[in-house]
Amino acid sequence: MAFELPALPYAQDALQPYMSAETLEYHHGKHHNTYVVTLNKLVEGTAHAGKTLEEIVTASFGDPAQQGIFNNAGQAWNHNHFWRWMKPNGGGAIPGELEAKIVADFGSVDKMKEDFVQAGVTQFGSGWAWLVVDQGKLKVMKTPNGENPLAHGAGTTILGCDVWEHSYYIDYRNRRPDYLKAFLDSLVNWEYVAELYAAA
Ligand code: MN3
């Protein structure tokens with residue numbers, strides 16, 4: 001069965017002023033949609049047809065002959081999660097169990113946020129910043145382009161932020177650090193992140 005573009009879990013203008021309706025119109029409606037449409041074309045009639053997105057991401061990663069499939073499958077997976085990692089009136093308090101784990105592994109919530117922003121800012125060109133649970137420990141990492149912790153076998157992803165320019169250029173122009181700070185402080189759905197942490 002073909003993959004489908006999931007609907008946004010909130011209205012297109014619900015994340016303003018931190019992420020505009022125009023950004024979501026293009027980012028979800030055009031960029032994410034193109035990954036899904038392209039992936040469906042690329043897997044049709046191949047051994048990947050009928051596999052889950054996760055299976056395609058892990059099976060195609062690192063194979064030059066499957067670079068196109070990986071890029072689109074990776075980005076489809078990344079964006080499916082990205083919309084759910086945000087919510088209107090996001091940011092704010094982190095649920096207790098997750099907050100305690102962040103303090104235990106990073107020293108403080110502020111240090112985790114600092115490391116996350118640093119990962120996103122230092123990802124040269126396009127890519128993602130991530131918070132993962134790897135072998136029982138929370139870690140911040142970054143990946144280029146459509147890569148993700150799933151492809152790298154780097155643990156369970158509980159949060160990710162898209163640092164491709166299409167994610168922030170309309171609202172923040174070149175100010176990627178400001179976008180990453182706004183993402184953490186005003187957009188993240190920490191309840192959902194805590195759910196993923198509890199299940200990891
Ligand atoms: Mn994107």
Test: K113 and D185 ion pair at under 4.0 Å:
yes
H166 side chain reached by D162 side chain, heavy atoms, under 4.5 Å:
yes
When rounded to the nearest 0.5 Å, the distance separating CD of Q12 from CE of M19 is 12.0 Å
If only side-chain N and O atoms count, and only distance matters, is there a donor-acceptor pair under 3.5 Å linking N78 with Q75?
yes
Does a donor on one side chain sit under 3.5 Å from an acceptor on the other, for N145 and S126?
no
Is the closest side-chain donor-acceptor distance between S167 and Y179 under 3.5 Å?
yes
Side-chain donor-acceptor pair present, N148, T143, cut-off under 3.5 Å:
no
With a sphere of 6.0 Å drawn around CD of E97, does it hold more than 12 non-hydrogen atoms of other residues, nucleotides or ligands?
no
Would you say H81 and Y192 make side-chain contact, with heavy atoms under 4.5 Å?
yes
Examine Y26 and Y172 and state if one hydrophobic cluster contains both, with Ile, Leu, Val, Met, Phe, Trp and Tyr joined whenever side-chain heavy atoms are less than 4.5 Å apart.
no
Mind checking whether W130 and W85 have parallel, tilted or perpendicular rings, split at 30° and 60°?
perpendicular
For residues 60-70, tabulate all N or O donor-acceptor pairs below 3.5 Å that involve a side-chain atom, not counting sequence neighbours.
{"from": "S60", "atom 1": "OG", "to": "I56", "atom 2": "O", "distance (Å)": "2.7"}
{"from": "D63", "atom 1": "OD1", "to": "A65", "atom 2": "N", "distance (Å)": "3.0"}
{"from": "D63", "atom 1": "OD2", "to": "Q66", "atom 2": "NE2", "distance (Å)": "2.8"}
{"from": "Q66", "atom 1": "OE1", "to": "H48", "atom 2": "NE2", "distance (Å)": "2.5"}
{"from": "Q67", "atom 1": "NE2", "to": "N71", "atom 2": "OD1", "distance (Å)": "2.9"}

In terms of hydrophobic clusters joined by side-chain contacts under 4.5 Å, are Y10 and V193 together?
yes
Quick one: does F106's side chain get under 4.5 Å of L131's, heavy atoms only?
yes
H27 and H79: aromatic ring centres closer than 6.0 Å?
yes
Using the six-membered ring wherever Trp is involved, compare the ring planes of F82 and W128 and label them parallel, tilted or perpendicular (cut-offs 30° and 60°).
perpendicular
Where do V132 and I158 land on the side chain to side chain contact (heavy atoms under 4.5 Å, CB included) test, with the steps shown first?
CA-CA 5 Å; V132 302; I158 63 170; over 6 Å; no
Do R176 and E165 sit within salt-bridge range, that is, some charged N less than 4.0 Å from a carboxylate O?
no
Do H31 and W164 have a side chain donor and acceptor closer than 3.5 Å?
no
T38, N40, L39 screened by side-chain contact (heavy atoms from CB on, under 4.5 Å) with V36, the one that passes
N40
From L159 CG over to L196 CG, what is the distance, rounded to the nearest 0.5 angstrom?
9.0 Å
Verdict with supporting geometry, M86 and Y18, side chain to side chain contact (heavy atoms under 4.5 Å, CB included)
CA-CA 11 Å; M86 298 184 286; Y18 306 104; over 6 Å; no
